[in-house]
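Beneath this line is the structure, given in structure tokens, with notes to follow.
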Amino acid sequence: MFPTSDRATYIYKENMNSAERLKVVKKHVIGGAHEPHIHNRAIKGVSQQEERKYKYIHVRTVGKGSNVGYIELDRPSALNALCDPLMLEVSNALDDFESDDSIGCVILTGSNKAFSAGADIKQMAPVAKYADIYKAKFLSQWDKIASFRKPLIAAVNGYANVMAGGCEIAMMCDIIYAGDTAKFGQPEIKIGIIPGAGGTQRLPRAVGKSKAMEMVLTGDPITADEAKQYGLVADVFSAKDLLPKVIEKAEKIAANSHLVTSMCKEATNKAFEMTLAEGLHFEKRMFHSTFATDDRLEGMMAFIEKRKPNYSNE
Ligand code: CO8
């Protein structure tokens, strides 16, 4: 694990060069950054003994049937910068929701000010050499978001943004809904790095090459409306309505067979990884395999009998 920081005040001597100033930052980062208070949230389906204690996120279930998981990033002093402990907590919460059969969809959100300002620059700055970052598999726990098997919705708000790694984890989700004040950007170039969690790969697939190039090469953000126009977000709601609207959408998704929903997500994601012929073949095989599920028969019988389906997720 690399060190983590919260709110910082650095006192530099005059004429210090970057390396000397880094020593001051390091001293603060390693010694005594303040710890936010602990949020203890029960997760449905997780026993009292297994309940996790979270510092940087709120976790609960939402929706009328409590069948939607909810993860809120809460590191306000750093605009939800994605330090290692925060991402580990997100990964643990996702694991819990993945193994909870009652959960049919999960929402990942931030605050009204920021979804996330990206990876923690104060955590990254002191990394000394390539070998350290390579051997530590730096930020590899982020992959959990992309490999989560249930539908995952990013609900992003905040004039202070969906930036860099924040934009990248939003793009790892299946659907992005935005508040009308949100801004999306990949500003890594401004701090001497390039995107490392999908900004150069998922962004061009979402918005096209020209706009993606403009964003990653200038670091300039786009507005929520532009993000919708380019296909990066599914819809834009007024900032105050965002969460209720997203919970409604998530409930709609969670009302379907959880099993078949995961199959549908898997097939749709293949569109980004396979040729059309391979993807169509995969889709056909997955479609055939829905006939091996109880829920396929239940869904069709409910239609014929003019009633709501009662899925067993089997
Ligand atoms: N890391 C650490 N701290 C941050 C970060 C960050 N990314 N962003 C903001 N903060 C801190 C600030 O330092 C400040 O703390 P303090 O009060 O202690 O000085 C506090 O949050 C508030 O920030 P600002 O005062 O800057 O707030 P503003 O509203 O003025 O500006 C911005 C908001 C525009 C979002 C601005 O904070 C900003 O530009 N942040 C940096 C954004 C950025 O460049 N992110 C790039 C991170 S690199 C990355 O994400 C690469 C991911 C690679 C993943 C690889 C996986 C393998």
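The structure presented is a predicted model; accordingly, all values stated were derived computationally and were not measured. Whatever order the structure lists ligands and atoms in, that order sets their numbers, starting from 1.
Using modelled atom types, one finds no donor on one side chain facing an acceptor on the other under 3.5 Å when comparing Asp143 with Ser140. Remark: the Asn67 side chain and the Glu251 side chain contain no N/O donor-acceptor pair separated by less than 3.5 Å. Side-chain contact check for Thr293 and Asp295: no donor-acceptor pair (N or O, by modelled atom type) lies under 3.5 Å.
A salt bridge links Glu214 and Lys211; the closest N-O separation between the charged side-chain nitrogens and carboxylate oxygens is under 4.0 Å. With respect to the salt-bridge test (charged N to carboxylate O, under 4.0 angstrom), the residues Lys144 and Glu98 qualify. A salt bridge links Arg307 with Glu298: the distance from a Lys NZ or Arg NE/NH1/NH2 to an Asp or Glu carboxylate oxygen falls below 4.0 Å.
For Phe138, no nitrogen or oxygen atom sits less than 3.5 Å from a nitrogen or oxygen atom of ligand 1, counting backbone and side chain alike. Not a single N or O atom of Met124, backbone or side chain, sits closer than 3.5 Å to an N or O atom of ligand 1. The shortest N or O to N or O distance between Trp142 and ligand 1 is not below 3.5 Å.
Less than 4.0 angstrom separates some heavy atom of Gly118 from each of these atoms of ligand 1: 50 (O). Each of the following atoms of ligand 1 lies closer than 4.0 Å to a heavy atom of Pro187: 43 (C), 44 (O).
With hydrogens and angles disregarded, no donor-acceptor distance shorter than 3.5 Å links the side chain of Ser91 to the backbone of Gln141.
Using a non-hydrogen distance threshold of 4.0 Å, Ile193 registers as a contact of ligand 1.
For atom 34 (C) of ligand 1, the choice among Asn161, Ile133, Ile191, Leu139 with the nearest heavy atom turns out to be Asn161. Here the shortest heavy-atom distance to atom 5 (C) of ligand 1, taken over Ala81, Pro195, Ser77, belongs to Ala81. Residue Gly196 holds the heavy atom nearest to atom 53 (C) of ligand 1 of all those in Gly196, Gly185, Ala164.
Under 4.0 angstrom from ligand 1, the non-hydrogen atoms of Glu168 all belong to its side chain.
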